[in-house]
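A short write-up of the structure that comes next.
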2 protein chains.
Amino acid sequence: MLDATFAALADPTRRAVLAQLADKGEATVTELAEPFDMSLPGFSRHLKVLEKAGLIERSRQAQFRPCTINPEPLKEASDWLADYRKLWEARFDRLDALLAELQSDPTQTAKEDHGDPSK
Amino acid sequence: MLDATFAALADPTRRAVLAQLADKGEATVTELAEPFDMSLPGFSRHLKVLEKAGLIERSRQAQFRPCTINPEPLKEASDWLADYRKLWEARFDRLDALLAELQSDPTQTAKEDHGDPSK
DNA sequence: ATGTTAATTAACTGATATGCTAAATAATTC
DNA sequence: GAATTATTTAGCATATCAGTTAATTAACAT
């Protein structure tokens with residue numbers, strides 16, 4: 001699921017669509033496509049990617065197919081990032097500490113903390 | 001930048017590499033590749049994707065090229081997603097309200113709240 | 001029925017992604 | 001300097017992506 005979510009978010013057009021939907025709540029295909037310099041079929045495929053990733057949902061009203069955001073996958077992606085963020089930040093702090101240590105005593109390298117790559 | 005970041009995160013192998021690095025802090029290519037059923041050249045290209053996206057950095061120690069995480073792009077991605085947090089937090093409230101409304105008066109659907117698409 | 005509007009599917013192109021094996025580079029060790 | 005270890009590049013196959021135009025479906029309006 002994360003695969004499809006991140007892949008969908010990798011395109012600026014698709015991210016902009018989500019931004020529009022976050023703003024408007026609901027919008028039709030042509031309405032969403034308007035800001036982009038792209039053929040409608042081309043744009044339609046972007047929506048399909050978003051839909052397959054579960055990021056948008058489409059209903060039917062007459063000829064229109066109004067789209068809405070489904071934030072679930074965004075939450076999942078955000079949670080994934082949040083889980084690792086703490087670890088990364090902790091690492092980063094440790095790295096800072098390491099650098100400080102190295103500056104004060106250049107002969108004493110930090111193999112104890114990070115493991116020896118040649119091991 | 002977000003493009004490359006999200007694209008890099010769209011692959012489970014690459015996410016797992018970041019997870020490993022979050023855990024270990026630093027690791028060599030073969031060490032990182034070990035859990036995966038994949039040729040080393042194939043794996044090396046994944047690292048290249050991560051590096052191009054700025055998610056990892058590589059140094060040199062003898063024949064080894066130890067990798068570390070660079071959390072900057074992850075922070076960017078995380079920040080982008082955070083803008084939508086209100087959306088998924090608000091969603092269930094709105095859905096509850098809508099369902100209650102529909103139960104009390106099934107003919108009156110929720111068009112007023114979201115704008116008329118045919119306009 | 002006919003035409004109009006909204007949106008998608010079909011069919012094609014060119015670019016990029018992912019995987020492989022085999023060969024090359026780079027540093028180490030004997 | 002020859003062999004070993006770590007890693008990347010080259011070259012190739014296949015698949016998916018992003019975009020196009022032309023044709024199609026679906027619903028509405030007259």
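Chain letters run A, B, ... following the sequence lines, proteins first, then strands; residues in each count from 1. As the structure is a prediction and not an experimental result, all values here were calculated from the model.
In this model, the phosphate group of D/dC17 is not approached by any side-chain N or O of A/His46 to a distance below 4.0 Å at OP1 or OP2.
Of all nucleotides listed (C/dT28, C/dC20, D/dA18), D/dA18 comes nearest to the side chain of A/Asp11. You'll find that the side chain of A/Thr28 is closest to C/dA7, out of C/dT8, C/dA7, D/dT20. For A/Met38, the listed nucleotide lying nearest its side chain is D/dG19; candidates were D/dT8, D/dG19, C/dT8. Closest to the B/Thr30 side chain, of the nucleotides D/dA18, C/dT21, D/dT7, is D/dT7.
If you take CD of B/Gln61 and C1' of C/dT28, they are 14 Å apart, rounded to a whole angstrom. In this entry the distance linking CZ of B/Phe64 with P of D/dT8 reads 13 Å, nearest Å. For B/Asp3 and C/dT16, the CG to C1' distance is 14 Å, given to the nearest whole Å.
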Assess whether ring-ring contact (aromatic ring centres under 6.0 Å, His included) is satisfied between B/Tyr84 and B/Trp88, documenting all intermediate values.
CA-CA 7 Å; B/Tyr84 294 90; B/Trp88 65 69; 7.8 Å; no
In sequence, state the C-alpha distance, the side-chain angles, and the governing distance for A/Arg85 and B/Ser78, and then conclude on side-chain hydrogen bond (donor to acceptor under 3.5 Å, both in side chains).
CA-CA 9 Å; A/Arg85 188 162 178 179; B/Ser78 187; 3.0 Å; yes
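The residue among A/Phe43 and A/Gln63 whose nearest nucleotide of DNA chain D lies closer to the 5′ end is A/Phe43. For the pair A/Arg45 and A/Arg65, nearest-nucleotide mapping onto DNA chain D gives the more 5' position to A/Arg45.
At the heavy-atom level, A/Arg60 lies under 4.0 Å from the strands shown only through sugar-phosphate atoms.
In this structure, the separation between CG on B/Asp11 and CZ on A/Phe6 is 12.0 Å, given to the nearest 0.5 Å.
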Can you give me every donor-acceptor pair (side chain of residues 32-47 of chain B, partner residue at least two apart or in another chain, under 3.5 Å) with its distance?
unit_1	atom_1	unit_2	atom_2	d
B/Ser39	OG	B/Gly42	N	3.1
B/His46	ND1	B/Arg14	NH1	3.1

